[in-house]
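Here the structure comes first, spelled out in structure tokens, and everything after it is commentary.
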Amino acid sequence: MARVSDGEPPERTDDRTTAAERADDGDEADETPAILVDEVSKRYESDRQSIQALDDVRFSVGTGEFVCLVGPSGCGKTTLLRAIAGLEPSIDGAVVIDGERIDGPGTDRGMVFQEYGLFPWLTVQENVCFGLERQGMAREACDNRCYEMLDLVGLDGFADAYPKELSGGMKQRVAVARALAVDPGILLLDEPFGSVDARTRERLQNELLDIWRATEKTTLFVTHEVDEAVVLGDRVLVMGADPGRVVEAVDIDLPRPRSRTDEAFVAYTERVRSLIGDGATDRF
């Protein structure tokens with residue numbers, strides 16, 4: 001798998017073809033990454049201004065890898081995640097999933113939003129089954145899948161509850177269950193624990209790692225909390241702003257579970273914070 005290296009640009013072919021084009025031609029590496037973001041740029045145009053949100057973003061995520069994405073506010077983390085989900089129109093460059101260029105949403109990617117995104121008029125069971133029913137799955141099979149997912153996220157017994165009856169942490173568990181119900185290969189999470197208290201946040205982090213180990217999903221997790229990224233990720237991708245781009249990848253070589261008081265853990269968080277604090281101006 002091609003990885004971002006510290007201080008060295010990714011290799012390019014002599015004819016300047018992109019990695020996405022080589023994947024289309026069947027000339028990809030032996031190990032095809034689950035996610036390949038290849039020279040992705042995004043500009044927002046309006047009558048008053050033009051904003052370059054992303055510029056030449058390049059990285060890959062291996063199958064089953066847990067990667068966290070951090071950076072200063074406004075650096076384009078959510079825009080990038082939405083591009084990978086196929087929800088961001090008119091991007092330059094390419095997003096390649098398992099060797100295939102994407103041009104829109106797909107069931108191979110499950111998305112979890114910061115604000116839950118649950119339908120308040122539907123029960124927990126109906127929310128989790130929503131995507132399955134749209135795929136034409138029979139009702140009994142939907143229900144069985146729902147109960148399996150609710151058990152996985154620790155909400156067994158809440159199938160008939162409505163979102164208003166749940167705490168913030170429980171709502172986010174439902175959102176994760178709904179994303180996993182369609183059995184995507186890739187799980188995309190956009191600051192999913194940003195609106196819960198610190199204790200609930202740590203509990204949800206541990207539960208997400210349990211789910212990741214149980215399902216072996218390729219996971220890309222956006223957060224603005226550096227310690228959360230170091231707790232969760234196999235790697236932390238650091239983004240710089242103006243315009244948004246990935247400037248460095250930090251491999252987190254620590255066994256799980258990770259202690260926030262461990263000297264090596266503290267060293268990793270200080271390194272990532274320094275990159276963000278410096279504006280991470282050096283191109284990778």
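In this chain, residues are counted from 1 in sequence order.
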Do E191 and T223 have a side chain donor and acceptor closer than 3.5 Å? no

Donor-acceptor contact present, side-chain T200 to main-chain V196, <3.5 Å: no

Check the side chains of T123 and D160 for a donor-acceptor pair under 3.5 angstrom, ignoring hydrogens and angles. no

Between E133 and C142 the two heavy atoms that sit nearest each other are CG-SG, 3.8 Å

Side chain proximity check, E228 to C68, heavy atoms < 4.5 angstrom: no

Check the pair L152 / L180 against side-chain contact (heavy atoms from CB on, under 4.5 Å), numbers first and verdict last. CA-CA 10 Å; L152 180 67; L180 290 173; 3.9 Å; yes

Indicate the atoms forming the closest heavy-atom contact of A177 with L150, along with that distance. CB-CD2, 4.3 Å

Of all heavy-atom pairs between V231 and R256, which one has the smallest distance, and what is that distance? O-NE, 4.2 Å

Enter the distance from L69:CG to I84:CD1 here, rounded to the nearest 0.5 Å. 7.5 Å

Main-chain N/O of L188 paired to R109 side chain as donor or acceptor, under 3.5 Å: no

CA sep, side-chain torsions, deciding dist, call: D234, V67, side-chain contact (heavy atoms from CB on, under 4.5 Å): CA-CA 6 Å; D234 295 320; V67 173; 5.6 Å; no

Do any N or O atoms from the side chain of E165 and from the backbone of Y162 form a donor-acceptor pair under 3.5 angstrom? yes

For the pair L209 and F66, evaluate side-chain contact (heavy atoms from CB on, under 4.5 Å) and give the outcome as yes or no after the intermediate values. CA-CA 9 Å; L209 285 174; F66 198 128; 4.2 Å; yes

Least distance between heavy atoms, V70 atom then V272 atom: CG2-CG1, 3.8 Å

NZ/K42 to CG/L80 distance, rounded to the nearest 0.5 angstrom? 12.5 Å

Drop me the distance from S274's OG to E248's CD, to the nearest 0.5 angstrom. 8.0 Å

pair T218-L187: side-chain heavy atoms closer than 4.5 Å: no

Please confirm whether R178 makes a cation-pi placement over F119, using NZ or CZ under 6.0 Å from the six-membered ring centre and within 45° of the ring normal. yes

Are the side chains of L189 and L220 in touch, meaning some heavy atoms are under 4.5 Å apart? no

Transitively linked via ILVMFWY side-chain contacts under 4.5 Å: V128 with L166? yes

Worked check of side-chain contact (heavy atoms from CB on, under 4.5 Å) between V236 and L232: CA-CA 9 Å; V236 176; L232 294 175; over 6 Å; no

I'd like to check T63 versus T32 (side-chain heavy atoms, cut-off strictly below 4.5 Å). Are they in contact? no

Transitive ILVMFWY side-chain link L118 to W121, under 4.5 Å: no

Do V246 and V238 touch side chain to side chain, with heavy atoms closer than 4.5 Å? no

Is any side-chain heavy atom of M170 less than 4.5 Å from a side-chain heavy atom of L155? yes

Treating Ile, Leu, Val, Met, Phe, Trp and Tyr as nodes and any side-chain heavy-atom pair under 4.5 angstrom as an edge, say whether I91 and M111 lie in one connected cluster. yes

Applying side-chain hydrogen bond (donor to acceptor under 3.5 Å, both in side chains) to T78 and D190, what does each step give before you reach the verdict? CA-CA 7 Å; T78 294; D190 186 14; 3.1 Å; yes

Can you confirm whether more than 12 heavy atoms, excluding those of D227, are under 6.0 Å from its CG atom? yes

Charged N-O contact under 4.0 Å between D253 and R235: no

State whether D55 and R245 are salt-bridged, where the test is any N-O pair (Lys NZ or Arg NE/NH1/NH2 against Asp/Glu carboxylate O) under 4.0 Å. no

Salt-bridged, K217 to D183, with N to O below 4.0 Å? yes

How about I186 and D108: do any of their side-chain heavy atoms sit closer than 4.5 Å? no

Can you confirm whether E216 is buried at CD, in the sense that more than 12 heavy atoms of other residues, nucleotides or ligands lie under 6.0 Å from that atom? no

Hydrophobic clustering (ILVMFWY, side-chain heavy atoms < 4.5 Å, transitive) - are V124 and L132 grouped together? no

Salt-bridged, D143 to R145, with N to O below 4.0 Å? no

Here the gap from R58 atom CZ to E39 atom CD, rounded to the nearest 0.5 Å, amounts to 6.0 Å

For atom CG of D103, is the number of surrounding heavy atoms from other residues, nucleotides or ligands below 6.0 Å larger than 12? no

Just verifying a value: how many Å separate Y147 OH and C129 SG, rounded to the nearest 0.5 Å? 8.0 Å

When you measure from the side chain of R258 to the backbone N and O of L254, does any donor-acceptor pair fall under 3.5 Å? yes

With no hydrogens and no angle check, just 3.5 Å: does a side-chain donor-acceptor pair link E45 and S50? yes

Please answer: with hydrophobic residues joined when any side-chain heavy atoms are less than 4.5 Å apart, are F265 and V226 in the same cluster? yes

Distance (rounded to the nearest 0.5 Å) between L36 CG and F59 CZ: 9.0 Å

Side chains of V182 and P184: does their closest heavy-atom pair fall under 4.5 Å? yes

